[in-house]
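Written below as structure tokens is the structure these notes are about.
It should be emphasised that the depicted structure is a prediction, and the values quoted were computed from it without experimental measurement. Each residue takes its place number in the sequence, starting with 1.
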Amino acid sequence: MGFMSVLSFAHKLISERLTLGDRAIDATVGTGADTLFLAKTTGTRGEVYGFDIQAAALTLAEERLRLAIEEAPSLAAVTLLERSHAEMAEAVPAIWHGTVGAVMFNLGYLPSGEADKNIITQTDSTIAALEASLQLLRPGGIITAVLYPGHAGGDLEADAVESWAAAVSQKVAQSIVYRQLQRTDSPYMIALEKKKGISS
């Protein structure tokens, strides 16, 4: 049967914690797969913000969402912004601070045939976005980050994210790693769950 893929495992962890009407953030929209997942999981009373620096990514995501709404209109309201995920704390409404149920990161480059593979997520902005995410989360909220050490620059970013997560105080959040140990270049996931009783 095999283990779940890192993306499927990220979705599983989030679906166990998000509820209808929650707020959620897709920090790296890409083709919109995670954006759509969050919109379905939070439902018509939910709200989702998505961030990407590439207009092409947002176009792909908008089309994915449009088709999904035609088939099943019970999706959350989605706001897509052509902005760095490092700016999410300033970009979302002030009321969101301390109320977000989940923040998803799928790092690396835009997985589209015509995309420029040289445009990748950058370590500095990713760490800033993770810091912001932790502040935006509600108690019991979750951050998932899928990492890709197999492409140029991806290994450095993965190491930095792992070091950041390990340094977060256990009093603030608990963190886990989900990865295939025999292949050091395979994608893997880090997740953090904010401790209950911790406010932003």
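No hydrogens or angles considered: a donor-acceptor pair under 3.5 Å links the side chains of Glu162 and Tyr188.
His97 has its side chain out of reach of Gln135: every pair of non-hydrogen atoms, C-beta onward, lies at least 4.5 Å apart. Residues Phe51 and Val92 have side chains in contact (heavy-atom distance under 4.5 Å, counting atoms from C-beta outward). Looking at heavy atoms from C-beta onward, Val48 lies out of side-chain contact with Ile25 at the 4.5 angstrom threshold. Residues Leu192 and Trp164 form a side-chain contact, since some pair of their non-hydrogen atoms from C-beta on lies under 4.5 Å apart.
There is a path of hydrophobic side-chain contacts, each under 4.5 Å, that joins Ile176 to Phe3. Criterion: ILVMFWY side-chain heavy atoms under 4.5 Å apart, direct or through other members. Under it, Val172 and Phe105 are part of a common hydrophobic cluster. Hydrophobic clustering, with ILVMFWY side chains joined whenever heavy atoms are under 4.5 angstrom apart, groups Val29 together with Ile69.
Minimum interatomic distance between Ala91 and Arg83 (heavy atoms only, all atoms of both residues): CB-NH1, 3.5 Å. Smallest separation of non-hydrogen atoms from Ser175 and Ala165: OG-O, 3.6 Å. Taking all atoms of both residues into account, the shortest heavy-atom contact from Ala61 to Leu80 is CB-CD1, 4.0 Å. When every heavy atom of Met88 is checked against every heavy atom of Ala132, the shortest pair comes out as CG-CB, 3.9 Å. Shown here for Ala86 and Ala128, the closest heavy-atom pair between the two residues is CB-CB, 4.0 Å. Closest approach of Pro139 to Lys196, counting heavy atoms only: CB-CA, 3.7 Å.
For the atom pair CG of Leu36 and OG1 of Thr31, the computed distance is 10.0 Å after rounding to the nearest 0.5 Å. Atoms CG and OG1, on Leu20 and Thr44 in that order, are 7.5 Å from each other to the nearest 0.5 Å. Summarising the geometry, atom OG1 belonging to Thr41 is positioned 11.5 Å from atom CD belonging to Glu16; distances are rounded to the nearest 0.5 Å. Atom CD1 of Ile143 sits about 9.0 Å away from atom CD of Glu131, to the nearest 0.5 Å. From Leu137, atom CG reaches atom NZ of Lys195 across 14.0 Å, with rounding to the nearest 0.5 Å. Note: Asp34 CG to Arg64 CZ = 9.0 Å, rounded to the nearest 0.5 Å.
The backbone N or O of Gly50 sits nowhere less than 3.5 Å from a side-chain atom of Asp26 that would complete a donor-acceptor pair. No donor-acceptor pair closer than 3.5 Å links the side chain of Ser133 to the backbone N or O of Val103. For Ser8 (side chain) and Met4 (main-chain N/O), no donor-acceptor pair under 3.5 Å exists by modelled atom type. Between the His85 side chain and the Asp52 main chain, no donor and acceptor come within less than 3.5 Å of each other. Side chain of Asp185 to main chain of Pro149: no donor-acceptor pair is present (N/O by atom type, distance under 3.5 Å, no hydrogens or angles). Judged purely by atom type and a 3.5 angstrom limit, Lys194 uses its side chain to pair as donor or acceptor with the backbone of Leu134. With Lys40 contributing its side chain and Leu75 its backbone, the two residues share no donor-acceptor pair below 3.5 Å.
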Using the side-chain contact (heavy atoms from CB on, under 4.5 Å) rule, take Tyr49 and Leu38 through it: C-alpha gap first, then chi angles, then the decisive distance, then the call.
-> CA-CA 10 Å; Tyr49 264 72; Leu38 293 172; over 6 Å; no
Determine, step by step, whether Thr126 and Glu157 satisfy the side-chain contact (heavy atoms from CB on, under 4.5 Å) criterion, reporting the C-alpha distance in whole Å, the side-chain angles of both residues, the deciding distance to 0.1 Å, and the verdict.
-> CA-CA 8 Å; Thr126 295; Glu157 183 176 47; 2.7 Å; yes
Could you walk me through whether Arg179 and Ser186 pass the side chain to side chain donor-acceptor pair (under 3.5 Å) test, one step at a time?
-> CA-CA 8 Å; Arg179 77 182 305 169; Ser186 64; 5.8 Å; no
Evaluate the criterion side chain to side chain donor-acceptor pair (under 3.5 Å) for residue pair Glu47 and Thr42; output intermediate values, then yes/no.
-> CA-CA 7 Å; Glu47 297 174 276; Thr42 56; over 6 Å; no
Residue pair Ile127, Val161: steps toward the side-chain contact (heavy atoms from CB on, under 4.5 Å) verdict | CA-CA 7 Å; Ile127 297 300; Val161 170; 4.2 Å; yes
Can Ile14 and Met104 be said to form a side-chain contact (heavy atoms from CB on, under 4.5 Å), step by step?
-> CA-CA 9 Å; Ile14 287 173; Met104 297 192 75; 3.2 Å; yes
Taking it one step at a time, do Arg66 and Glu62 satisfy salt bridge (charged side-chain N to carboxylate O under 4.0 Å, His left out)?
-> CA-CA 6 Å; Arg66 184 186 67 77; Glu62 285 168 354; over 6 Å; no
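Put simply, the residue from Val146, Val6, Leu13, Thr144 that forms a side chain to side chain contact (heavy atoms under 4.5 Å, CB included) with Tyr178 is Val6. Of the options Arg17, Arg45, Arg138, a side chain to side chain donor-acceptor pair (under 3.5 Å) to Asp22 is made by Arg138 and by none of the others.
Other residues, nucleotides and ligands place no more than 12 heavy atoms under 6.0 Å from the CD1 atom of Ile95. Within a 6.0 Å sphere centred on CD of Glu70, heavy atoms belonging to other residues, nucleotides or ligands number more than 12.
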